[in-house]
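So the structure is just underneath, and the comments pick up after that.
Note that this is a predicted model, so its numbers are computed, not measured.
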Amino acid sequence: MTEFNSFTSLPWTPLYTQSNAVTDFPVDNIGHWVLALTIVFGLAVFTFENYLNYRQYLAYCVSKFPSELDVTVAAIDSSKKTTTTETKDGEETTKEEKDEKLLPKLKEKFAKAQSYGRDKAMFGMISSSYEMIEGTAFLLLGFLPYVWDMAVRMGKNKTFFVEVESEIGVSLIFLLLITIVGMVTGLPFEVYSTFKIEKKHGFNKTTTSLFVSDKIKGFFLQILIGGPFVSLLLKIIQWGGDHFYIYVWIFTFLFSIFMMTIVPVVIMPLFNKYEPLPDSALKDSIVALAKRLSYPLKKLFVMDGSKRSSHSNAFMFGFGNNKRIVLFDTLMTQVEDSEILAILGHELGHWKLKHTVINLTITQVYFGAAFYTFSLCYSNDDLYAAFGFETPVPTLIALMLFFQTVFAPIEKVLSFAMTIFSRQCEFDADKFSADLGMSSDLQSGLCKIHLENLGAMCPDWLYSTYHYSHPPLVERLSAMMKYDKKGK
């Protein structure tokens with residue numbers, strides 16, 4: 001054990017260090033700076049992101065309905081085609097009268113949406129503050145070397161009925177301990193978010209037994225899938241020599257394909273019930289749309305999302321020619337069939353425009369670059385010794401600390417770039433749906449989903465630029481209206 005160094009001098013040293021860990025480094029050595037720089041960088045990111053959270057909170061405090069959204073939705077309402085129909089008693093009515101205007105509904109839900117947003121923003125600031133405090137404390141206290149030494153003792157003492165001495169075996173015990181700690185410290189926040197915030201605003205349908213069941217299933221899935229994955233990953237790094245990053249990249253690519261294959265057919269059904277969409281005009285329309293776009297649709301499902309939440313969604317999954325579409329049961333009660341079709345036109349646009357393939361390619365390039373960079377740092381013992389570890393450091397620890405230190409700034413930049421790219425993909429998919437002649441239905445469908453989910457109607461521009469993978473509602477609506485004008 002060592003004592004804390006003064007925060008006015010370097011190097012900073014964790015309170016707990018392994019018995020033979022180096023604790024003093026020359027000023028020109030990375031070990032002299034890395035712990036302090038890691039903490040300072042984490043604090044800088046936290047300060048900036050919490051500033052954005054506060055800006056978003058202030059945006060949720062606005063009581064006046066946003067004028068830009070008012071003008072945009074009013075234009076959508078005014079452009080609706082009025083269809084005259086005749087009832088059994090001979091009276092005429094119109095589709096526009098039956099569907100009602102969207103703008104009054106948005107204005108009616110505006111205060112509720114703002115209240116929901118304020119609660120989420122405040123909760124986000126509190127939870128992120130705790131995460132920052134916890135992460136900093138763990139680094140300064142030497143939590144990781146302490147847990148690693150505990151894992152070594154547990155392995156030697158046959159805690160799991162057999163003696164575990166190999167590095168990979170100890171690594172799995174270490175990960176188990178870290179996972180349990182993370183579950184315990186994160187549980188109060190999950191419970192409050194689910195049973196307080198979501199319930200207060202009418203979304204939560206999750207029972208206590210279902211919540212516990214989900215946590216247990218998730219925990220064992222992490223063990224059943226994560227354990228073999230980590231074991232193979234560490235083995236490949238140790239076996240691969242100087243060019244291990246090539247083999248690791250191949251392995252992560254194959255694992256991604258494996259997960260894309262088994263998640264929809266094995267894992268997702270453990271949490272939700274998937275039933276075939278009943279024969280109907282909607283089903284016929286979806287099948288026809290898929291055929292029109294040469295989308296290899298094999299199955300159409302309705303998912304019981306309502307057993308957990310009243311939030312709605314739709315998504316597609318599947319690999320190769322085995323594609324499937326899933327509709328939340330909540331979505332089918334919130335929007336019209338024509339609007340569901342327009343929303344699926346948007347989702348199919350992602351597929352037709354190769355967004356899925358592009359995202360998979362970018363992900364693989366990201367992993368390749370990350371592991372190549374890791375290979376350059378792998379043998380730098382001083383980098384890891386600064387966190388209280390003896391050298392040579394275990395492979396898993398080197399990997400974890402690499403992503404927490406050297407790669408952390410790179411990851412933040414890449415993450416922001418991907419957010420920008422994702423928003424552009426959303427605009428492109430909206431345009432694709434509009435080109436199919438579904439612009440009006442997509443616009444009204446997006447408004448209704450926003451209504452039912454109490455989405456942000458006037459988000460802070462800087463917060464949304466940094467965080468939103470989807471453009472704000474008013475930007476999507478305005479873009480589609482421009483497409484419509486150009487097409488006339």
Side-chain angles (χ1 to χ4, degrees), residues 166-169 171-176 178-179 182-183 213-241 243-274 295-301 303 313-326 347-348 350-352 354-375 395-396 398-400 402-403 407 411 414-415 418 421-422 425 469:
S166 69
E167 181 184 319
I168 292 179
S171 296
L172 294 179
I173 298 174
F174 171 83
L175 278 179
L176 177 63
I178 292 292
T179 300
M183 287 180 61
S213 173
D214 285 348
K215 298 301 293 182
I216 293 173
K217 289 177 184 176
F219 177 73
F220 281 105
L221 281 172
Q222 287 186 64
I223 294 175
L224 291 174
I225 298 176
F229 171 77
V230 171
S231 298
L232 287 171
L233 177 66
L234 297 180
K235 192 68 177 178
I236 291 170
I237 292 175
Q238 295 170 358
W239 164 82
H243 297 94
F244 71 81
Y245 58 90
I246 298 175
Y247 307 111
V248 168
W249 176 81
I250 295 172
F251 171 66
T252 56
F253 173 73
L254 294 175
F255 183 77
S256 298
I257 301 302
F258 169 71
M259 291 302 293
M260 288 172 62
T261 304
I262 70 161
V263 165
V265 296
V266 178
I267 297 177
M268 289 168 56
L270 295 175
F271 296 90
N272 287 97
K273 188 176 181 180
Y274 295 82
Y295 180 75
L297 177 63
K298 297 300 181 184
K299 293 183 180 180
L300 265 170
F301 291 111
M303 190 189 87
N313 202 355
F315 61 93
M316 306 183 310
F317 64 87
F319 186 70
N321 290 323
N322 187 25
K323 304 291 188 182
R324 308 176 186 195
I325 292 177
V326 176
E347 298 300 331
L348 287 166
H350 285 304
W351 171 79
K352 196 70 173 179
K354 309 296 183 185
H355 293 163
T356 306
V357 174
I358 293 171
N359 278 319
L360 178 62
T361 302
I362 291 174
T363 300
Q364 298 312 311
V365 171
Y366 167 86
F367 279 128
F371 282 111
Y372 172 72
T373 308
F374 173 61
S375 72
T395 303
L396 176 65
L399 196 59
M400 291 176 63
F402 164 76
F403 280 101
F407 208 70
E411 193 277 332
L414 293 178
S415 177
M418 284 302 298
F421 174 72
S422 175
C425 288
S469 61

So, taking the atom named [atom1] in [X] and the one named [atom2] in [Y], what distance separates them when rounded to the nearest 0.5 Å?
X: Phe174; Y: Thr179; atom1: CZ; atom2: OG1; answer: 9.5 Å
X: Thr252; Y: Ile257; atom1: OG1; atom2: CD1; answer: 10.5 Å
X: Ile236; Y: Phe251; atom1: CD1; atom2: CZ; answer: 5.0 Å
X: Lys217; Y: Leu224; atom1: NZ; atom2: CG; answer: 13.5 Å
X: Met259; Y: Ile267; atom1: CE; atom2: CD1; answer: 4.0 Å
X: Asp214; Y: Asn272; atom1: CG; atom2: CG; answer: 8.0 Å

Can you check whether [X] reaches [Y] side chain to side chain, under 4.5 Å on heavy atoms?
X: Arg324; Y: Pro264; answer: no
X: Glu167; Y: Leu396; answer: no
X: Phe421; Y: Ile358; answer: yes
X: Val230; Y: Leu234; answer: yes
X: Gln238; Y: Ile168; answer: yes
X: Ser231; Y: Leu172; answer: yes
X: Tyr295; Y: Met316; answer: yes
X: Phe371; Y: Leu399; answer: yes

Is atom [atom1] of [X] surrounded by more than 12 heavy atoms (other residues, nucleotides or ligands) closer than 6.0 Å?
X: Phe315; atom1: CZ; result: yes
X: Trp351; atom1: CH2; result: yes
X: Phe253; atom1: CZ; result: no
X: Tyr372; atom1: OH; result: no
X: Phe219; atom1: CZ; result: yes
X: Lys354; atom1: NZ; result: no

Atom of Leu270, atom of Val266 and distance for their closest heavy-atom approach: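 So the two residues come closest at CG-O, 3.4 Å.
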Heavy-atom closest contact (Tyr245 atom, Ser375 atom, distance):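 That would be CD2-OG, 3.5 Å.
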Ser415 (side chain) donor-acceptor with Glu411 (main chain) under 3.5 angstrom: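 The answer is no, because no donor-acceptor pair under 3.5 Å joins these two groups.
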N/O donor-acceptor pair under 3.5 Å between Trp249 side chain and Gln364 backbone: yes
All side chain to side chain donor-acceptor pair (under 3.5 Å) counterparts of His355, not counting sequence neighbours: His350
Phe403 and Phe407 aromatic ring geometry - parallel, tilted or perpendicular at 30°/60° bounds: perpendicular
Phe229 and Phe255 aromatic ring geometry - parallel, tilted or perpendicular at 30°/60° bounds: tilted
side-chain contact (heavy atoms from CB on, under 4.5 Å) evaluation trace for Glu347 with Ile325: CA-CA 10 Å; Glu347 298 300 331; Ile325 292 177; over 6 Å; no
Test log, rule ring pair (Phe, Tyr, Trp, His ring centres under 6.0 Å), inputs Phe317 and Phe301: CA-CA 11 Å; Phe317 64 87; Phe301 291 111; 7.0 Å; no
